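Presented below is the structure to which this report refers.
Heavy atoms only: backbone and side chains are in, while hydrogens, waters and symmetry mates are out. Residue numbering restarts at 1 for every chain, and letters A, B, ... go by the order of the sequence lines. Predicted model only: the values in this text are computed from it and were never measured.
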Amino acid sequence: MTPGHASPGRRPVIAGLGLTDVGKFFGRSAAQLAAEAARLAVADAGLELAEVDGLLVSAGVTRGVNLSLHRDLGLTDLALLSEMQAFGATAGAMVAHASMAITSGTAKAVLCVFGDDPLKEGRSASAAYGPRRTPSGWRGLLTSAGISGANPLYALAARRHMQRFGTTTEQLGHIAVAQRKWAAMNPAAQMKDPITLADHEASRWVAEPFRLLDCCLVSNGGAAVLVTSAERAEDLRQPAVPVLGWGQSHPGHLQRHHDDFGLVTGAVRSGRAAMGMAGITVQDVDVVELYDCYTYTVLVSLEDYGFCGKGEGGAFAASGALGPGGTLRLNTGGGQLSGFYLWGMTPLHEAVLQARGQAGERQSPEHEVVLVSGNGGVLDHHATLVLGGAA
Amino acid sequence: MSLGPVSRNDETAAFFDGTARGELLLRTCPSGHWSEPEAACCTTCGVTDLSWSASKGTGRVVSWSAVHGRPRDDGSADRRVIAVVELDEGPWWWTALQDVEQPSEGLRVQVAFTVPAEDSETVPYFVPA
């Protein structure tokens, strides 16, 4: 399948993958982590930095990475350079943008880079995503009511799903438990100790219906991928992972009356676009890496991508379908819940490893089609990628 | 759990003038469509000549949560009930909900106002109607 009207030699592939240390460590800034990840991705590909002619930069919650990354990398005479921001959808959007740059001939080798350093010594993890200024204006009005950060807003979305479809906290717990099992097989994961449904139910409330084990981690780290053409990747060091399809969706109902709120997300449109471009259906997908800022996000995304029917996500999660040995290989690195939280780079990183067949003991035997999701804001921004098995 | 203080800025000045009078102001367009106070254009027809109009301040709970603070040394933690309220005019409003611990979808509610701190604007919250 050739996306768009690209000539065969300009089919986009992911040829390099970089991941720094991730988790709770201090002493390296977001910009330094981003630069390190970029260099790792270039080295992984077996390319020289001087061959990189495109750079897409994405900052996390600390906004610590910007265009000056090209200077930190010593990159000159770039054909493509930009900051991108669609929150949790940014990683997928960067790969899509880079792929369009490759197919059009705009650039020949594009780095997509993310870095974040929310964890600071002597400060709680929750402070990283809490209010940062004296509450003022519309945002301040929300803070005044106790609504700050993503937790309460996603909780309101999840509650709506529970009200409408009878979804239960125990069903959400199945997702947390399954992903922790996967994380135990991922050397990069922050949380590897097994958990049970009882542990999930016993974990403290964060924002009802979410308990602590429904919420993603907070991590410092950097990640990068290198996108180039299939032709250029032929003699590179790693198996090239084809980017078969991409799609985005931005429903545009940011905190206003929206009857689908919490029930149906933009992943429907984004997934349809990406799978359509790739010429596949959901039945063809071997491995799924879904953005999992909360257990609920996984559940509603499973429905919206079509892995189960609308409203059936809870029953599907509780059916034993998830986790190692289940019928759907989902968030095989432990995801953001148990692996690490580098926004959309978390599912993308695991997807590339799986597509290459390099995921160690958690490797899926079938990995011809890997679906990756990104989700930003509060279900406001969606990006989907379909990756092919490495040649 | 009480509400926190908030200050005004250019975008919210008219809104907080309203809350000081005991009014929850929304935006209306010349065709009579209602939009949320933050709207820069009509959410129904897109026009930008919006006026401020007072809501009746009544509505129903669309969804709710209770936000828990980090546990203190004695194990206790703050619990604040929040909700999405569908105002009877149509717009949704993200707000604090008081005098009810376990609301349910569809609960009828009405607006109330408080000044959380000496240097704060008057802020709206909701209680069961």
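Under a cut-off of 6.0 angstrom, the local environment of NZ in A:Lys120 is crowded, with over 12 non-hydrogen atoms contributed by other residues, nucleotides or ligands. Open room surrounds CG on B:Asp10; 12 or fewer heavy atoms of other groups in view lie less than 6.0 Å from it. Atom CG of B:Asp74 has more than 12 heavy atoms from other residues, nucleotides or ligands within 6.0 Å.
Between atom OG of residue B:Ser65 and atom OH of residue A:Tyr154 there is a gap of 14.5 Å, rounded to the nearest 0.5 Å. In this structure, CD on B:Glu36 lies 9.0 Å from CH2 on A:Trp138, to the nearest 0.5 angstrom. We find the CZ-CD distance between B:Arg79 and A:Glu208 to be 4.0 Å, quoted to the nearest 0.5 Å. Rounding to the nearest 0.5 Å places CG of A:Leu142 at 9.0 Å from OG1 of B:Thr95. Taking CH2 from B:Trp94 and CZ from A:Arg256, the interatomic distance works out to 9.5 Å, rounded to the nearest 0.5 Å.
With 3.5 Å as the limit, one finds a donor-acceptor pair spanning the side chains of B:Trp92 and A:His257.
Counting heavy-atom pairs under 4.5 Å between each of A:Gly146, A:Pro152, A:Ser124, A:Ala157 and chain B puts A:Gly146 at the top. Of the listed residues B:Val62, B:Leu97, B:Val84, the one with more heavy-atom pairs under 4.5 angstrom with chain A than any other is B:Val62. When the candidates B:Ala77, B:Pro71, B:Pro116, B:Ala39 are compared by the number of heavy-atom contacts under 4.5 Å with chain A, B:Pro71 comes out ahead. Chain A forms the most heavy-atom pairs under 4.5 Å with one residue out of B:Ala96, B:Pro124, B:Ala83, B:Ser63, and that residue is B:Ser63.
The shortest distance between side-chain heavy atoms of A:Arg204 and B:Arg70 falls below 4.5 Å. In this structure, A:Leu141 and B:Val123 have side chains that are in contact, with non-hydrogen atoms separated by less than 4.5 Å.
Of all heavy-atom pairs spanning B:Val6 and A:Ser144, the tightest one is CB-CB, 4.3 Å. Annotation for B:Asn9 and A:Ser136: closest pair ND2-OG, 3.9 Å, computed over non-hydrogen atoms.
Only the side chain of B:Glu86 comes within less than 4.5 Å of a heavy atom in chain A; its backbone stays farther off. Of the two parts of B:Glu105, the backbone and the side chain both hold a non-hydrogen atom closer than 4.5 Å to a non-hydrogen atom of chain A.
Note that A:Arg159 lies in the cation-pi zone of B:Trp64, set by a 6.0 Å cut-off to the ring centre and a 45° limit from the axis.
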